[in-house]
There are 2 protein chains.
Amino acid sequence: MINLTKSEEDYLKALFQLLTEGGKSKIGNNQLAEYLNVSPASTNNMVKKLKAKDYIVSERYGKLELTDQGIEIAVRLIRKHRLWETFLYNYLNFSWDEVHEVAEQLEHIKSRKLVDELDRFMEYPKVDPHGEMIPDADGAYNITPKVTLSSLKEGDICKLAAVNDASVSFLRYVSQIGLALSSTIEIVEIRDFDKSICIRFDDTVETVTKKFADNVFVKIIS
Amino acid sequence: MINLTKSEEDYLKALFQLLTEGGKSKIGNNQLAEYLNVSPASTNNMVKKLKAKDYIVSERYGKLELTDQGIEIAVRLIRKHRLWETFLYNYLNFSWDEVHEVAEQLEHIKSRKLVDELDRFMEYPKVDPHGEMIPDADGAYNITPKVTLSSLKEGDICKLAAVNDASVSFLRYVSQIGLALSSTIEIVEIRDFDKSICIRFDDTVETVTKKFADNVFVKIIS
DNA sequence: TTAATTTGTTAGTCTAGGCTAACTTATTTA
DNA sequence: TAAATAAGTTAGCCTAGACTAACAAATTAA
């Protein structure tokens with residue numbers, strides 16, 4: 001648990017995200033590989049190593065799971081990532097779509113004091129610029145099961161709670177059409193033939209694709 | 001010039017520091033190796049690569065020099081390092097001796113915007129917590145030739161201008177005896193048999209070793 | 001000016017973390 | 001339930017950047 005490489009950390013974080021946010025029952029080697037954009041062979045290698053170090057458990061040909069140790073590492077990374085995003089956004093004039101890439105680098109800086117002091121400096125923010133919860137220094141991680149915009153039905157009304165931060169073009173699109181955190185959204189119509197969704201918010205009516213709606217997380221109001 | 005690895009950056013920065021701050025006329029393979037705590041063979045390898053990429057020039061068995069490109073990389077790293085040290089010290093409650101290690105990691109984060117915005121956020125500081133000049137965004141680097149405390153003679157009076165930040169125990173010692181930036185120091189006596197130096201500052205009289213005095217940089221007053 | 005010492009170079013090895021190609025085991029589906 | 005497909009594994013190779021051991025060139029000293 002002392003010193004993991006950047007790659008080892010990346011694998012653990014990715015597995016954690018897939019397990020908690022993906023909604024899938026089984027995460028295997030290939031899903032992890034695809035998520036990280038590496039080959040299944042590379043993943044196999046790394047998983048083997050992380051199993052030997054007791055961060056991952058799995059049976060041969062079976063599904064992957066994290067040990068408590070593994071979860072701890074992943075949550076720390078997510079805490080760091082989101083704190084840095086918040087810092088970049090609130091203090092350094094970074095925009096929504098710029099923060100992720102730099103935070104991906106900053107989350108690997110090894111210094112417990114750095115992240116805790118950054119937290120204090122910003123007065124313990126609860127959510128990052130994309131609406132995601134920031135785990136606290138004890139690793140308490142509030143897993144709110146994600147409800148995607150795409151899972152609602154016609155007539156539902158919801159609030160935009162968070163967005164997936166991993167794609168720059170997606171984030172640009174979100175701000176371009178005028179959606180912002182806490183926007184109230186009404187599902188006007190779901191078109192059956194291509195699953196595209198017509199939504200209304202702030203006197204705007206837009207039609208978005210299923211893929212878009214998959215990356216928008218909401219809180220249902222009615 | 002696009003994307004260097006962390007190691008490549010480390011070598012370039014180290015060479016730059018040796019060339020500008022070391023006061024030596026010739027920097028060779030072995031000095032660079034020793035400075036970086038790697039073997040001469042590793043250094044040879046890396047130097048070969050950096051020559052191929054046009055960051056370093058040297059003849060076989062000859063002294064090492066940086067190209068303009070190489071200098072630019074090194075100065076940017078120094079700028080980043082010192083800005084981060086300043087941030088850690090002024091905003092995140094880091095102490096003198098804690099900043100260096102974390103800044104060594106932070107200086108490798110790749111984002112031009114990050115460092116320039118950090119600079120703006122802190123209102124363009126001119127010096128870091130150890131008294132060293134911070135190069136500006138254009139890479140203008142004010143090379144003030146360093147005068148070490150050990151180079152003075154009895155009776156000289158000087159001001160503490162900067163200290164070498166690379167050793168934690170050294171920095172602890174500096175603050176422990178009460179020396180601070182801008183302290184006025186008088187050379188009371190230089191003991192010949194071991195080159196130890198007796199200094200007076202702020203009504204304190206202390207004897208320090210030659211090695212200590214080598215790491216203290218001063219501005220001569222009289 | 002030759003010998004000793006220092007400095008630089010080369011060759012070969014190691015680890016981390018990628019890759020492709022080939023193969024094996026599970027799972028689907030006809 | 002057998003064949004097709006998907007998922008997981010293994011073997012072997014590559015690059016970066018370390019290392020040691022052996023050797024060559026320069027420099028210093030006798």
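Because the structure is a prediction, the values reported are computed rather than measured. We name chains A, B, ... by the order of the sequence lines, and we start the count at 1 in each one.
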### Query
Quick one: ring pair (Phe, Tyr, Trp, His ring centres under 6.0 Å) pairs with a partner in residues 16-35 of chain B, sequence neighbours left out?
B/F16-B/Y141
### Message
Treating primed atoms plus P, OP1 and OP2 as sugar-phosphate and everything else as base, which nucleotides of nucleotides 6-12 of chain D get B, S or - for protein heavy atoms under 4.0 Å?
### Response
-SSBBB-
### Query
Which is true for B/S7 with a 4.0 Å heavy-atom rule: it touches a base, it touches only sugar-phosphate, or it touches nothing?
sugar-phosphate
### Task
Check side-chain contact (heavy atoms from CB on, under 4.5 Å) between A/N45 and all other residues, then give those that pass, not counting sequence neighbours.
none
### Results of ring pair (Phe, Tyr, Trp, His ring centres under 6.0 Å) for B/F217 - residues two or more places apart only
none
### Task
Report yes if at least one side-chain N or O of B/T5 is closer than 4.0 Å to OP1 or OP2 of D/dA16; otherwise report no.
no
### Listed partners of A/S7 passing side-chain contact (heavy atoms from CB on, under 4.5 Å), at least two apart
A/T5, A/M46
#### Entry: Summary of salt bridge (Lys or Arg N to Asp or Glu O under 4.0 Å) pairs that have at least one residue in residues 31-41 of chain B, sequence neighbours excluded
none
### Task
Ignoring backbone atoms, establish whether A/S39 has a side-chain N or O less than 4.0 Å from OP1 or OP2 of C/dG18.
no
### Query
Pairs in or reaching into residues 62-81 of chain A: which pass ring pair (Phe, Tyr, Trp, His ring centres under 6.0 Å), with residues at least two apart or in two chains?
A/H81-A/H100
### Query
Of the residues in residues 8-17 of chain A, which ones touch DNA chain C at a heavy-atom distance under 4.0 Å?
A/Y11
### Query
Which residues satisfy the ring pair (Phe, Tyr, Trp, His ring centres under 6.0 Å) test with A/F87, sequence neighbours excluded?
A/W84, A/Y91, B/F87
### Task
Round to the nearest Å and state the distance from B/L32 atom CG to C/dT7 atom P.
14 Å
### Task
Check every strand shown and say whether B/T43 touches a base, only sugar-phosphate, or nothing at a heavy-atom separation below 4.0 Å.
nothing
### Task
Return the orientation label for the B/H130 and B/W96 ring planes: parallel under 30°, perpendicular over 60°, tilted otherwise.
tilted
### Message
Is there a side-chain contact between B/S42 and the phosphate of D/dC19, meaning an N or O under 4.0 Å from OP1 or OP2?
### Response
yes
